[in-house]
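Keep in mind it's a predicted model, so treat the numbers as computed, not measured.
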Amino acid sequence: MKDSSMSRHMQSVGLTVLRLLIGWHILYEGIAKLLNPGWSSAGFLKESKWIFSGVFNWIVSHPDVLKVVDFLNTWGLILIGTGLILGLFFKAASVSGILLLLLYYFAVPPLVGLEYSVPAEGSYLIVNKTLIEAAALLVLSVFPSCGPGLDSLIFKKGKKA
């Protein structure tokens, strides 16, 4: 294998591994919420103290809206994670993942002066794992291919026909 070919192969392997890891994390979060009948986003949304806090608190104060948000959040995570793992509708899954992760980030950002009743699992300032995962999805979304997946099978068939 030539150096440039080997380099492209290693890039593809790295992007595929990153796609699978993020997909697994997102899928697992969705399944964990689905399997926990007592789960609700209310506690998380109540913590919001930044630019969208009014919207998030309004959601919490309207139980029917909260149920819809919880449903969309759970199934959004499951569909995004599945799409990333399978490489199915990858661009849509990655962009949807970015948007969802940014909503999480904006709800409870690690900014100076904002204190939350539930301590963060680490010490963050501006950048946390949610923002990093969103940035990683952004990087993945701009590559023409992030390794093998169902999209490559579907679109190759479509090009040959």
Side-chain angles (χ1 to χ4, degrees), residues 4-52 55-56 59 66 68-111 114 116 118-158:
S4 63
S5 179
M6 178 64 143
S7 178
R8 281 193 303 276
H9 176 72
M10 293 308 297
Q11 288 171 355
S12 179
V13 168
L15 293 170
T16 301
V17 168
L18 184 59
R19 186 191 87 207
L20 292 171
L21 292 173
I22 294 172
W24 172 255
H25 177 237
I26 291 174
L27 175 62
Y28 183 79
E29 288 290 330
I31 290 172
K33 288 166 179 46
L34 182 66
L35 297 178
N36 180 352
W39 178 83
S40 173
S41 62
F44 179 77
L45 295 175
K46 284 180 188 177
E47 288 291 311
S48 182
K49 294 178 175 51
W50 203 40
I51 58 176
F52 296 124
V55 173
F56 295 135
I59 291 169
L66 181 63
V68 170
V69 166
D70 287 347
F71 176 85
L72 292 173
N73 186 50
T74 299
W75 284 101
L77 288 166
I78 291 169
L79 292 172
I80 291 165
T82 301
L84 292 172
I85 289 171
L86 297 178
L88 180 62
F89 305 116
F90 168 72
K91 295 289 185 186
S94 60
V95 170
S96 298
I98 292 166
L99 294 174
L100 189 58
L101 289 166
L102 288 177
L103 278 174
Y104 297 161
Y105 180 83
F106 288 132
V108 186
L111 301 176
L114 299 180
Y116 305 105
V118 178
E121 64 183 344
S123 299
Y124 302 112
L125 178 61
I126 301 170
V127 177
N128 63 11
K129 67 180 185 179
T130 304
L131 188 60
I132 293 167
E133 201 165 46
L137 281 176
L138 177 63
V139 169
L140 289 174
S141 72
V142 299
F143 278 87
S145 172
C146 287
L150 294 179
D151 281 348
S152 62
L153 295 174
I154 292 168
F155 293 119
K156 280 185 182 177
K157 285 182 181 179

(message) What's the separation between atom CH2 in W24 and atom CZ in R19, rounded to the nearest 0.5 Å?
(response) 15.0 Å
(request) Starting at OH of Y28, measure out to CD1 of I85 and round the result to the nearest 0.5 Å. (result) 13.0 Å
(request) Return the orientation label for the F71 and W75 ring planes: parallel under 30°, perpendicular over 60°, tilted otherwise. (result) tilted
(request) Please round to the nearest 0.5 Å and tell me the distance separating atom CZ of F52 and atom CG of L103. (result) 7.0 Å
Show me the donor-acceptor pairs within less than 3.5 Å that the side chains of residues 126-133 make with the rest of the protein, sequence neighbours left out.
from : atom 1 : to   : atom 2 : distance (Å)
N128 : OD1    : T130 : N      : 3.2
N128 : OD1    : L131 : N      : 3.0
K129 : NZ     : E121 : OE2    : 2.3
E133 : OE1    : H25  : ND1    : 3.1
E133 : OE2    : H25  : ND1    : 2.9

(request) Step through the shown structure and confirm whether more than 12 heavy atoms of other residues, nucleotides or ligands are within 6.0 Å of NZ on K46. (result) no
(message) For the CG atom of L34 and the CD atom of E29, what is their distance to the nearest 0.5 Å?
(response) 13.0 Å
If you look only at distance, which donor and acceptor atoms sit under 3.5 Å apart when one is on a side chain in residues 76-84 and the other is two or more places apart or in another chain?
from : atom 1 : to  : atom 2 : distance (Å)
T82  : OG1    : I78 : O      : 2.7

(message) With rounding to the nearest 0.5 angstrom, report the CG to OG distance, L101 to S94.
(response) 11.0 Å
(message) Could you measure the distance from the CG atom of L137 to the CD1 atom of I98? Nearest 0.5 Å is fine.
(response) 5.5 Å
(request) Sequence neighbours left out, what passes side-chain hydrogen bond (donor to acceptor under 3.5 Å, both in side chains) with Q11? Give chain and number order. (result) none
(message) Are more than 12 heavy atoms, taken from residues, nucleotides or ligands other than Y104, located less than 6.0 Å from that residue's OH atom?
(response) yes
(message) For E47 versus V108, what's the shortest heavy-atom pair and its separation?
(response) CB-CG2, 4.1 Å
(message) Just so I know, are the side chains of F44 and N73 near enough to count as touching, which here means a heavy-atom distance under 4.5 Å?
(response) no
(message) Quick one: does any side-chain atom of D70 pair with a main-chain N or O of S41 as donor and acceptor, under 3.5 Å?
(response) yes
